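Basis for what follows: all heavy atoms, side chains included, without hydrogens, waters or symmetry-related copies. Given the structure is predicted, the values throughout are model-derived calculations rather than measurements. Positions are given from 1, in the same order as the sequence printed here.
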Amino acid sequence: MSDYILTYSKIKFFPLEPIMEDIKIEDIAHSLSLMTRANGHCSHFYSVAQHSIHCYKEAKSRGYSKRVQLGCLIHDASESYISDLTRPVKKNLPQYFAIEEKLQSVIYDRFGLGDLSDEERKQIENVDDTLLHYEFETLMEFPIFDVPPDKGMEHEFSLRDFASVENEFISAFKNLYNPEN
């Protein structure tokens with residue numbers, strides 16, 4: 001029994017003891033472009049990568065900093081290494097939360113966001129919740145909140161092929177991430 005997963009780029013990745021240098025945006029983009037939101041219960045295939053791209057675009061439309069935009073793009077990156085659990089299950093597994101938080105923290109560190117302020121984290125969370133509402137309203141005909149949250153732009157939740165989503169995710173990342181800063 002191994003303690004690692006093999007990533008798309010053929011890295012032996014240890015999700016419980018992540019090594020920062022083993023985190024590759026190409027692995028994250030590829031994996032998230034093939035993972036469904038809402039555990040696959042949408043009206044059509046809609047990936048975590050599509051959600052992440054919409055979060056990034058929403059943050060940009062609100063005039064949030066590039067750091068917050070990048071944070072929105074990669075806020076679910078840990079799922080590419082450990083998958084996700086539905087909220088009712090996740091809330092009953094505190095150990096999963098600890099694993100997810102540790103891994104996401106290493107991912108943020110890897111891409112220069114280890115020092116996100118509380119305000120920046122709140123902005124990312126708000127954008128995530130906003131997209132959750134409109135995704136469920138559109139893709140499941142079930143609004144999450146009684147009062148729809150304010151949004152900075154309209155979003156298109158149509159079916160897309162995973163390769164185009166993967167490429168858009170990587171392109172957005174390259175526009176936002178500058179390792180020299």
Side-chain angles (χ1 to χ4, degrees), residues 1-37 39 45-60 64-87 89-90 93-128 131-132 160-181:
M1 196 170 187
S2 64
D3 291 334
Y4 66 86
I5 64 167
L6 189 63
T7 68
Y8 176 64
S9 65
K10 309 299 182 271
I11 290 173
K12 289 181 180 179
F13 188 85
F14 295 81
L16 301 180
E17 293 298 327
I19 298 168
M20 190 181 314
E21 294 74 24
D22 289 345
I23 296 167
K24 308 290 183 206
I25 200 63
E26 295 79 9
D27 289 332
I28 293 168
H30 183 77
S31 178
L32 295 183
S33 72
L34 293 170
M35 290 182 162
T36 59
R37 286 280 286 163
N39 214 32
F45 182 84
Y46 180 75
S47 72
V48 176
Q50 281 176 274
H51 163 74
S52 299
I53 291 166
H54 285 299
C55 287
Y56 144 67
K57 289 179 177 179
E58 177 68 22
K60 185 176 181 179
Y64 291 165
S65 70
K66 284 198 170 197
R67 285 171 47 85
V68 170
Q69 292 173 41
L70 178 59
C72 284
L73 184 68
I74 64 171
H75 76 280
D76 283 334
S78 63
E79 294 176 20
S80 67
Y81 299 105
I82 59 172
S83 296
D84 195 16
L85 299 173
T86 58
R87 286 184 181 201
V89 174
K90 191 187 293 190
L93 296 175
Q95 193 173 15
Y96 176 87
F97 270 121
I99 292 166
E100 181 182 44
E101 188 174 300
K102 176 182 178 181
L103 179 54
Q104 188 64 41
S105 182
V106 173
I107 292 167
Y108 278 153
D109 284 345
R110 168 74 173 89
F111 298 118
L113 298 178
D115 61 346
L116 284 169
S117 69
D118 289 343
E119 179 61 29
E120 289 170 320
R121 289 180 185 276
K122 285 179 189 169
Q123 289 175 333
I124 293 167
E125 185 178 323
N126 182 266
V127 166
D128 189 26
L131 266 298
L132 176 71
R160 293 183 56 196
D161 71 281
F162 84 91
S164 71
V165 172
E166 180 180 351
N167 289 335
E168 184 176 356
F169 188 101
I170 290 171
S171 177
F173 174 82
K174 288 179 178 177
N175 286 330
L176 293 169
Y177 178 66
N178 181 355
E180 280 77 52
N181 289 346

Discussion item. Parallel, tilted or perpendicular, judged at 30° and 60°: which one describes the rings of His54 and Tyr46?
Written reply: parallel
Discussion item. Just to verify, what does Tyr4 make a ring pair (Phe, Tyr, Trp, His ring centres under 6.0 Å) with, not counting sequence neighbours?
Written reply: Phe14
Fill in: Close side-chain approach of Val127 and Val68, heavy atoms under 4.5 Å
no
Item to complete: Of all the heavy-atom pairs spanning Glu120 and Asp115, show the shortest one and how long it is.
Response: OE1-O, 4.2 Å
Response to the item:
Rounded to the nearest 0.5 angstrom, the CD1-OG distance for Ile5 and Ser83 is 8.0 Å
Worksheet item: If every non-hydrogen atom of Leu85 is compared with every non-hydrogen atom of Leu93, which pair is closest and at what distance?
Response: CD1-CD1, 3.7 Å
Fill in: Heavy-atom pair with the smallest gap, counting every atom of Leu16 and Lys102
O-NZ, 3.1 Å
Worksheet item: Are any side-chain N or O atoms of Gln104 and backbone N or O atoms of Ser78, one a donor and one an acceptor, separated by less than 3.5 Å?
Response: yes
Fill in: Atom pair CG (Leu116) and NZ (Lys122), whose distance is rounded to the nearest 0.5 Å
13.5 Å
Discussion item. I need the single residue from Tyr108, Phe169, Phe111 that forms a ring-ring contact (aromatic ring centres under 6.0 Å, His included) with Tyr177. Which is it?
Written reply: Phe111
Worksheet entry | Minimal non-hydrogen separation, Tyr81 against Ile23, with atom names | OH-CA, 3.6 Å
Discussion item. Could you measure the distance from the CG atom of Leu176 to the OG atom of Ser65? Nearest 0.5 Å is fine.
Written reply: 9.5 Å
Fill in: Glu79: partners by salt bridge (charged side-chain N to carboxylate O under 4.0 Å, His left out), with sequence neighbours left out
none
Discussion item. Using 30° and 60° as the class boundaries, would you call the ring planes of Phe162 and His30 parallel, tilted or perpendicular?
Written reply: perpendicular
Worksheet item: Hey, what do you get for OG (Ser33) to CD (Glu168), rounding to the nearest 0.5 Å?
Response: 11.5 Å
Worksheet entry | Rounded distance (nearest 0.5 Å) linking atom NZ of Lys66 with atom NZ of Lys60 | 7.0 Å
Worksheet entry | Closest non-hydrogen atom pair between Leu73 and Ser52, with its separation | O-CB, 3.2 Å
Worksheet entry | Under 3.5 Å donor-acceptor, His75 side chain and Cys72 backbone | yes
Item to complete: Taking the side chain as every heavy atom from C-beta outward, state whether Thr7 and Lys24 have any atom pair closer than 4.5 Å.
Response: no
Discussion item. With a 6.0 Å cut-off (strictly less than), is the heavy-atom count around CG of Asp161, excluding the residue itself, greater than 12?
Written reply: yes
Worksheet item: Are the side chain of Asp128 and the backbone N or O of Ile124 linked by a donor-acceptor pair below 3.5 Å?
Response: no
Discussion item. Can you confirm whether more than 12 heavy atoms, excluding those of Glu26, are under 6.0 Å from its CD atom?
Written reply: yes
Discussion item. I'd like to know whether NZ of Lys90 has more than 12 heavy-atom contacts from other residues, nucleotides or ligands below 6.0 angstrom.
Written reply: yes
Practice prompt. Taking all non-hydrogen atoms of both residues into account, name the closest pair between Ser80 and Leu32 and its distance.
Written response: N-CD2, 3.8 Å
Fill in: With Arg110 via salt bridge (charged side-chain N to carboxylate O under 4.0 Å, His left out) - residues at least two apart
none
Worksheet item: Is the shortest heavy-atom distance from the side chain of Ile74 to the side chain of Ile25 under 4.5 Å?
Response: yes
Fill in: Salt bridge present between Arg37 and Asp84 (N-O < 4.0 angstrom)
no
Worksheet item: Could you give the distance from OH (Tyr56) to CG (Leu131), rounded to the nearest 0.5 Å?
Response: 13.5 Å
